[in-house]
Amino acid sequence: MVFMFNHTTMEFSFAIFHRSGCTRTPPMPITTKDGLNYLVRVLAGIKSIRTKEGSGYDVSLLQDALLKNYKFGAVLFQRVSVVGRGTDVTMHALNQIQERARRMKQTEDENAVEHVTKALEGTTIHVPSQAGERWSSRIADKAAKDKAPTPTVTNLPAPGELPYYLRKDWWSPRNRNNEQKMFEKVKGKFGLPKLNKSYPVTLTDEPGAPDTTEKFIPDDATIDPLCLPKQPSNKKAGSKPASSGTRERSSKGEGRASRESIQRKTNTQSNPAPSSSALPSNSGAPEAVRVPEVPPPVIRDHMRTVLETAGVPLEEAETPAELFKAVAHAIIGHWNLFIDDWLHRDVSLGNVMLLEEPEEREPVYDFTDIKILETTQEKCIGMIIDGDHAIIWWRRRGPQAGHRSGTLPYLSLRLCRLWSAGQHTQLPHTALDDLESFIWVLMHVILMKIPSSLVRNQWLEGMAREDLPTLFQAKGHIRAEISYWENGESAPHPALEAFAGVLIALFKIAGRAGAECARLAKDVQGMERDDIVSACKPYYEEYLSTILDALDTLPEEWPTSDAYELPQEYVEEDSPSDSGDEC
């Protein structure tokens, strides 16, 4: 809640920021009787809030029959933002969460604390004698009690329950929550997390009423002119140049290619629609400065998903073989979604994960390569998560593309080129685009794992570009450079040499898949579902076979700077150590 006051006009306004944007009252001059009465009513309304939920606190966990007994928690992921999805992932456990086995790594701060602690252990500290101190047996007993270890109480899960669950809360645009339907349908399938339940959160003050931003958006709400980008106007003599508008920026917080840039501008006013002079108008405007139609504010509903499968970031893979095998398992999970008519559309580093503990899953018999069947008969170690942007790709009327989606560093080159060129008519997001995204996820983790060098840092910086044309050029350069390795026009960086063969093979598949995507986009209206599945299935198998065949050729551990002597052209002078986390 924000109180807004204009000292020049002596006008008061009250604003509420929420997941759909900002709702504000019309400015009221407090120098008038009506304005002063309005201010008093607003303050009295705030004073009348009697519950935590009414003041904005989320108390819904207290009503969840499953999670209310799981009192120990650890935040795994949290989106710190006011507007948007606000995704929050937390582990809830019956007992105190211990260090998460071999996966948990100490941060730099923890290492610094450990260093200081060891230094203090070797230091003699003077302890004053008790002669001049006030001391008693009661104080001594209390000190001994404070030093005594706290007894550990182990709570056992009830029949059918687990020691912990993962809770994901987020604010989904209304009618665009597909995660529940998707994961319920494929529960137990290989390469996917196990869903316990998913449901819209309801209010406790109003039982059964949904927790939604709709309550903040009046029926007569209009787009707030303050939140609209400035439009160029006809330049008159003596006038200042028109504003060039705001630069849309891809947010890691949402992890997507500026897809909510319009939504972030859809804030509202709770007063009647402003006059034609207050909002930009299309009528009579020259074609070059025509203002696009702005949609109404996006209503968001509070959703909750409870998962039974815990994941670990993919970059924590201890060996190259573990990384490649986990990605192969996630590709199989993507296939399980695809043949159930779901298209993920957001394959990224954050959405491809290692399983914290390998789990049994249903074997997959859909491919001819025996290695694929054999790997699904083993325990699953990798999965693809997060159905926020998944769609049902096939309906009776034909294939569906939906709005554009994807995380920029991992977009297929085809989508990068078409989106940057504005060729939206050729843009059906296909399963083959998602498959290429898996290659870029692999590439990113490999670059994060190898020692810092000029080539490695340049490639990471290129993948981090937020401007689509520049990103397309940078990723195109990476793929071209890898293709040069095959014909001997250039040699791979020594740390990448062990991965050169599999990367060359994967990008060759991606090149042929891109041509197949163009054919599908051209002929898509005349195709049946089985035609599209038949066109994509060979590429799934080829990607999987290539990755699984490479497992025996990969190095046993990640390369280090001490493992080889770098030629001078690979050395970056004064290069700070970099983990690549900025990508």
Checklist entry - Under the criterion side-chain contact (heavy atoms from CB on, under 4.5 Å), which of Val298, Thr213, Ile299 is the partner of Trp171? => result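 Per the side-chain contact (heavy atoms from CB on, under 4.5 Å) rule, the option paired with Trp171 is Thr213, out of Val298, Thr213, Ile299.
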Next on the checklist: Against Asp64, only a single residue in Arg167, Lys197, His92 fulfils side-chain contact (heavy atoms from CB on, under 4.5 Å); can you say which?
Outcome noted: Lys197
Checklist entry - Where do Glu466 and Leu471 land on the side chain to side chain contact (heavy atoms under 4.5 Å, CB included) test, with the steps shown first? => result CA-CA 7 Å; Glu466 296 180 352; Leu471 177 67; over 6 Å; no
May I ask you to test the [X]-[Y] pair for a side-chain heavy-atom distance under 4.5 Å?
X	Y	result
Asp88	Phe77	no
Phe3	Val42	yes
Phe190	Pro363	no
Lys325	Thr375	yes
Val347	Tyr410	no
Asp531	Ser534	no

Next on the checklist: List the residues meeting side chain to side chain contact (heavy atoms under 4.5 Å, CB included) with Asn37, not counting sequence neighbours, and say none if there are none.
Outcome noted: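 Residues passing side chain to side chain contact (heavy atoms under 4.5 Å, CB included) with Asn37: Lys33, Arg41.
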Checklist entry - Who are the side-chain hydrogen bond (donor to acceptor under 3.5 Å, both in side chains) partners of Tyr70, not counting sequence neighbours? => result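 side-chain hydrogen bond (donor to acceptor under 3.5 Å, both in side chains) check on Tyr70 returns Glu161.
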Nearest 0.5 Å please: distance from the [atom1] atom of [X] over to the [atom2] atom of [Y].
X	Y	atom1	atom2	result
Ser348	His389	OG	NE2	9.0 Å
Leu166	Glu356	CG	CD	8.5 Å
Arg304	Leu67	CZ	CG	7.0 Å
Leu411	Asp433	CG	CG	8.5 Å
Met303	Asp211	CE	CG	11.0 Å
Phe183	Lys189	CZ	NZ	12.5 Å

Item to check | Intermediate values then yes/no, side chain to side chain contact (heavy atoms under 4.5 Å, CB included), Trp342 and Ile391 | outcome: CA-CA 6 Å; Trp342 289 99; Ile391 61 168; 5.7 Å; no
Checklist entry - Can you check salt bridge (charged side-chain N to carboxylate O under 4.0 Å, His left out) on Arg174 and Glu214, steps first, answer last? => result CA-CA 10 Å; Arg174 180 161 291 180; Glu214 188 174 20; 3.0 Å; yes
Using a 3.5 Å distance criterion without hydrogens, assess whether the side chain of [X] forms a donor-acceptor pair with backbone atoms of [Y].
X	Y	answer
Lys187	Leu192	no
Lys537	Asp366	yes
His329	Leu354	no

Checklist entry - Hey, is CD on Glu557 packed in by over 12 heavy atoms from elsewhere, all under 6.0 Å? => result no
Let me check something: any side-chain donor-acceptor pairs from residues 305-312 under 3.5 Å, sequence neighbours excluded? List them with distances.
residue, atom, partner, partner atom, Å
Thr305, OG1, Glu179, OE1, 3.4
Thr305, OG1, Ser198, OG, 2.9
Glu308, OE2, Asn196, ND2, 3.0
Thr309, OG1, Lys194, N, 2.9
Thr309, OG1, Arg361, NH2, 3.4

Checklist outcome for this item: For Ile339 and Asn336, the nearest pair of non-hydrogen atoms, with its separation, is CG1-O, 3.6 Å
Next on the checklist: In terms of relative ring orientation, are Phe438 and His334 parallel, tilted or perpendicular, with 30° and 60° separating the classes?
Outcome noted: perpendicular
